[in-house]
Novice: 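First, the structure itself, so that you have it in front of you.
Computed from heavy atoms alone, side chains included, the values below leave out hydrogens, waters and symmetry copies.
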Amino acid sequence: MSIDLSIFINYGPQLFLGFLMTIKIVISAIILGIPFGLVLALGQRSRLKLVRVLSASFIEIFRNTPFIIQVFMFFYVLPFYGFHLPAAYVGIVALAAFGSAYFAEVIRGGINAVAKGQLESARATGMSDWQAMRYVVLPQTLPIILPAMTNQTLSLVKESAVLSTITVGELTMAAVKVQGETFRPFEAFIMIAMMYWALNETIAIFMRRVERKVSNRSNSGLASRTALADPAVKDR
Amino acid sequence: MKFDLSYTLDALPRLLDGSLVTLKLALLGFAFSVVLATIVTVARTVSKSRIFGTVVAVYISFIRGTPILIQIFLVYYVLPIIGLNIGPTTAGILALTLNSAAFVIEILRGGLASVAKGQFEAARSLGLSGFALWVKVILPQTFMTSIPPLVNEFTQLLKATALLSTITVVELMRVSQQIYSNNYHPVEVLAGAFMMYFLMCFTVSRSASWLEAKFEVKRA
Amino acid sequence: MAVDTKPKGNFLEIIKIRKSFAGMTALQDVSLSVPKGEVVCIIGPSGCGKSTLLRTANWLTPADAGEVRLNGKLVGAMPDPRSTSKQARDLNAVRARIGMVFQQFNVWPHMNVMENVVCPQMVVGKRDRDIAEKKALAALAEVGLEDKKMDWPDNLSGGQKQRLAIARVLAMDPVLMLLDEPTSALDPELVSGVLAVLKQLAEKGMTMIIVTHELGFARSVADRVIFMEGGQIIEEGPPNLILRSPSTKRLQCFLEKLNITAFKPKSDVANHRAIKSDLRI
């Protein structure tokens with residue numbers, strides 16, 4: 001088997017455009033998906049049973065079905081409700097919905113990890129549920145959920161490839177086109193595999209730096225333990 | 001246009017057949033994946049070769065860093081070029097196996113770490129070594145502690161089989177597409193398939209606790 | 001014999017509270033009436049329901065039956081005649097006037113000392129930042145933390161964290177303070193600092209309900225001591241009376257058990273300090 005290196009050069013720009021589209025789609029999906037995931041996570045804690053059931057059902061449905069069938073469902077159902085969106089937008093909606101279910105679980109885990117006393121002390125000052133969440137609990141979940149949120153984002157980058165099945169012009173679609181023209185599937189797909197891989201690694205490395213910065217700020221325990229152990233620290 | 005349930009019901013028999021194919025694909029893929037992952041895990045733990053370790057690490061990184069769809073395309077389109085003319089179903093199972101194995105290797109690595117080191121020493125002092133040591137003592141414990149993530153991985157496989165529709169494997173997703181390309185009612189047909197995927201995955205993920213109880217997973 | 005305190009239309013009225021957790025009864029028809037300015041200490045063995053009772057005062061733990069009124073206004077009740085949204089609004093409003101101090105401090109680690117005290121004022125009290133900061137500085141001064149205002153809670157000792165929690169409460173101008181074992185999680189040498197602050201507040205006329213194990217503190221500060229056991233109030237009265245000569249056998253047993261560990265003679269405390277200074281080389 002021979003590898004035709006000219007493919008990389010000739011079709012590089014085309015693939016790069018697809019790459020940009022992938023990035024645009026993923027960013028849009030996160031911008032929609034994370035806030036909605038927060039809504040779902042808080043919805044699971046709602047006082048109203050209906051809200052709790054709806055939130056939990058949404059999450060279970062989107063986590064227990066393949067993304068590809070969700071994409072097709074959105075693709076065929078949205079027009080019936082008057083949403084005649086181009087394929088890319090359908091893709092963003094589908095990816096955002098899929099992502100939000102997973103983001104919701106991560107956020108829920110984060111909220112549960114923050115000590116119960118934090119929520120209680122906030123409520124005891126007279127804050128409403130939402131105020132307590134917004135000012136006291138959620139800020140503390142941030143360093144906790146950052147790694148898992150990063151993982152979910154990377155997962156969305158990979159799932160975005162599925163959007164090629166509804167002809168969204170992202171990276172995989174571009175490769176399929178190249179393969180169709182050149183009849184060289186190996187070069188086409190291995191090249192985009194490398195691009196996905198590189199994108200994922202870049203995001204992962206960047207997020208690790210962000211995680212380190214965020215966790216330095218809320219360095220729980222270490223500083224106070226050091227202070228208490230020091231006999232020179234006086235109380236008054 | 002209103003949702004016409006009759007189209008869903010009419011499609012049900014064929015959708016059920018498709019579900020069976022989906023299950024078969026997932027089970028085969030999972031079985032092969034677990035076997036492959038176990039062999040690699042044992043080899044990696046036992047072997048002193050750094051090359052082997054690096055190869056495995058690169059393989060895992062590649063699988064986890066690239067979309068499954070691309071992995072499926074690579075196996076399906078590229079193997080015939082090398083001369084391996086395997087059909088879409090075999091290619092699909094192969095792709096799923098290679099994908100899942102990477103994750104199972106990581107799961108087993110975690111499970112292995114939780115098996116106390118003392119187990120190795122105790123077994124060795126009893127005269128067990130090599131094959132027997134692994135098969136009778138270490139691996140059973142590794143698997144028992146790994147039941148929840150393994151069940152989760154199987155669920156992932158179930159969902160991944162839907163992607164094989166893109167390489168013409170006739171599983172549930174592909175069957176749905178075939179049906180609605182004839183009756184022009186994609187929403188009703190897809191809804192039926194959607195329900196079936198949900199039932200399969202939901203049942204499987206709920207079975208994790210049942211499985212643990214069945215194997216009486218005790219944590220010493 | 002359980003003492004039944006009949007509601008006298010007092011400042012804080014806890015009326016016939018019943019609460020169960022997972023089949024176990026924590027509070028059995030307990031009533032408590034607190035006039036304005038009174039300092040009440042609740043003592044008792046662990047599991048007797050004293051913390052639960054305290055937490056029904058601001059409905060942090062909703063009761064299964066009974067009601068709580070502050071200055072005549074309903075704090076919480078079961079069953080509640082109000083709509084759910086009115087309940088929530090009223091409750092938040094009333095909690096803004098009640099300050100609670102927890103055993104585990106619960107200071108907010110993602111904000112510095114100043115922000116901890118400013119935040120509830122602005123969010124709940126709807127005060128402007130400059131007013132909130134002025135009040136915060138005053139509150140921090142009252143607890144002796146004014147020079148730590150830009151510090152982060154992680155850098156504070158346990159006693160300082162608890163005093164921060166108290167300052168956070170004070171800045172809201174509470175009419176009632178609820179303290180749930182405020183010194184139980186503190187290292188012994190830090191306890192006196194916090195108790196001194198609380199004593200100051202009591203002397204200024206703050207209405208306080210304190211669940212505590214510190215009987216010496218109760219004796220010097222409380223107007224009334226309440227002894228609970230098994231979800232009921234067993235005995236209550238002025239500290240000098242009931243702590244020196246309890247009229248119930250159960251209180252007597254409780255005090256005897258505590259006497260062995262609680263009342264360390266002063267010399268031991270001095271030794272404890274001396275040992276530490278040796279290590280300070």
Side-chain angles (χ1 to χ4, degrees), chain A residues 1-3 22 57 60-81 98 151 154-165 170-173 175-176 179 183-204, chain B residues 1-3 22 58 61-83 152 155-166 171-174 176-177 180 184-191 193-206:
Chain A
M1 186 187 86
S2 60
I3 301 182
T22 294
S57 306
E60 286 299 314
I61 288 173
F62 279 86
R63 292 185 68 191
N64 282 300
T65 49
F67 179 55
I68 188 172
I69 200 173
Q70 295 168 19
V71 171
F72 275 88
M73 285 290 266
F74 275 109
F75 186 73
Y76 288 115
V77 168
L78 285 178
F80 283 146
Y81 289 94
F98 177 77
N151 274 333
L154 297 180
S155 160
L156 286 187
V157 168
K158 291 184 285 174
E159 292 291 340
S160 71
V162 173
L163 296 179
S164 59
T165 58
E170 43 67 69
L171 186 52
T172 304
M173 182 85 234
V176 169
Q179 183 237 359
F183 297 98
R184 302 225 127 221
F186 178 72
E187 286 85 341
F189 292 131
I190 205 72
M191 191 165 169
I192 65 167
M194 292 298 139
M195 291 168 92
Y196 277 112
W197 201 3
L199 178 60
N200 268 12
E201 280 299 303
T202 315
I203 297 177
Chain B
M1 233 175 90
K2 275 195 75 191
F3 183 90
T22 294
V58 169
S61 172
F62 180 79
I63 296 288
R64 294 174 73 169
T66 55
I68 313 182
L69 190 60
I70 302 298
Q71 295 163 18
I72 293 173
F73 285 161
L74 277 170
V75 171
Y76 179 64
Y77 287 110
V78 173
L79 286 189
I81 299 178
I82 318 180
N152 182 54
T155 315
Q156 299 295 95
L157 257 178
L158 267 175
K159 293 188 280 181
T161 59
L163 293 175
L164 298 184
S165 59
T166 61
E171 40 65 65
L172 181 52
M173 186 74 200
R174 187 95 183 163
S176 319
Q177 290 169 327
Y180 71 67
Y184 299 102
H185 279 89
V187 177
E188 287 88 343
V189 178
L190 283 173
F194 196 89
M195 252 291 93
M196 287 187 188
Y197 276 117
F198 179 75
L199 285 171
M200 282 192 280
C201 293
F202 193 72
T203 328
V204 168
S205 48
R206 284 288 174 271

Novice: With only heavy atoms counted, which part of A:Glu159 is less than 4.5 Å from chain B, the side chain, the backbone, both or neither?
Specialist: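 No part of A:Glu159 comes within 4.5 Å of chain B.
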
Novice: Distance check, rounded to the nearest 0.5 Å: A:Arg63 atom CZ versus B:Cys201 atom SG?
Specialist: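 It is 11.0 Å, given to the nearest 0.5 Å.
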
Novice: Sort A:Ser164 into side chain, backbone, both or neither according to what part of it lies under 4.5 angstrom from a heavy atom of chain B.
Specialist: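 For A:Ser164, the contact with chain B is made by the side chain alone.
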
Novice: Between A:Met194 and chain B, which part of the residue has a heavy atom less than 4.5 Å away: side chain, backbone, both or neither?
Specialist: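 Contact with chain B is through the side chain of A:Met194 alone.
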
Novice: Side chain, backbone, both or neither: which part of A:Leu199 has a non-hydrogen atom closer than 4.5 Å to chain B?
Specialist: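 When you check distances to chain B, no heavy atom of A:Leu199 falls under 4.5 Å.
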
Novice: Side chains of A:Pro185 and B:Ile81, heavy atoms from C-beta outward: is any pair under 4.5 Å?
Specialist: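 Touching, per the 4.5 Å side-chain cut-off.
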
Novice: When you compare the side chain of B:Tyr180 with that of A:Phe72, does any pair of heavy atoms fall below 4.5 Å?
Specialist: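 Sidechains of B:Tyr180 and A:Phe72: in contact.
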
Novice: Under 4.5 Å heavy-atom distance to chain A, tell me which part of B:Gln177 shows up: side chain, backbone, both or neither.
Specialist: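 Just the side chain, heavy atoms under 4.5 Å.
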
Novice: Rounded to the nearest 0.5 Å, what's the gap from CZ on B:Phe73 to CD on A:Gln179? Could you check?
Specialist: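 Output value for this atom pair is 8.0 Å.
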
Novice: At their closest point, which heavy atom of B:Ile70 faces which heavy atom of A:Phe189, and how far apart are they?
Specialist: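 That closest heavy-atom pairing would be CG2-O, 3.9 Å.
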
Novice: How close do A:Ile68 and B:Ser165 get, counting heavy atoms only, and between which atoms?
Specialist: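 The answer is CD1-OG, 4.0 Å.
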
Novice: Does a side-chain heavy-atom distance below 4.5 Å link B:Phe194 with A:Ile61?
Specialist: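 Side-chain contact under 4.5 Å: yes.
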
Novice: Just so I understand: if I count every heavy-atom pair under 4.5 Å between each of B:Pro186, B:Ser176, B:Ala193 and chain A, which residue has the most?
Specialist: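 Looking at each of B:Pro186, B:Ser176, B:Ala193 in turn, B:Pro186 comes out on top.
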
Novice: Say you draw a straight line from CZ of B:Phe202 to CG of A:Asn64; how long is it, rounded to the nearest 0.5 Å?
Specialist: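 Going from CZ on B:Phe202 over to CG on A:Asn64, the span is 6.5 Å.
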
Novice: Checking B:Met173 against A:Ile69 for the side-chain contact (heavy atoms from CB on, under 4.5 Å) test, could you report, in this order, the C-alpha distance in whole Å, the side-chain angles of both residues, the deciding distance, and whether it holds?
Specialist: CA-CA 7 Å; B:Met173 186 74 200; A:Ile69 200 173; 3.8 Å; yes

Novice: Quick check on A:Thr65 against chain B: is it the side chain, the backbone, both or neither that has a heavy atom closer than 4.5 Å?
Specialist: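 Contact with chain B is through both the backbone and side chain of A:Thr65.
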
Novice: Any donor-acceptor pair under 3.5 Å linking the side chain of A:Lys158 with the backbone of B:Arg64?
Specialist: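 Here the side-chain-to-backbone pair exists.
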
Novice: Measure the spacing between CD1 of B:Ile68 and CZ of A:Phe67 and express it to the nearest 0.5 Å.
Specialist: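 The CD1 atom of B:Ile68 sits 12.0 Å away from the CZ atom of A:Phe67.
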
Novice: Less than 6.0 angstrom separating the ring centers of B:Tyr77 and A:Phe186, yes or no?
Specialist: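 Not close enough - the centres of the two rings lie 6.0 Å or further apart.
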
Novice: Output the distance between atom CG (A:Asn200) and atom CZ (B:Phe62), rounded to the nearest 0.5 Å.
Specialist: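 Those atoms lie 11.5 Å apart.
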
Novice: B:Leu69 versus chain A, heavy atoms under 4.5 Å apart: side chain, backbone, both or neither?
Specialist: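 Only the side chain of B:Leu69 comes within 4.5 Å of chain A.
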
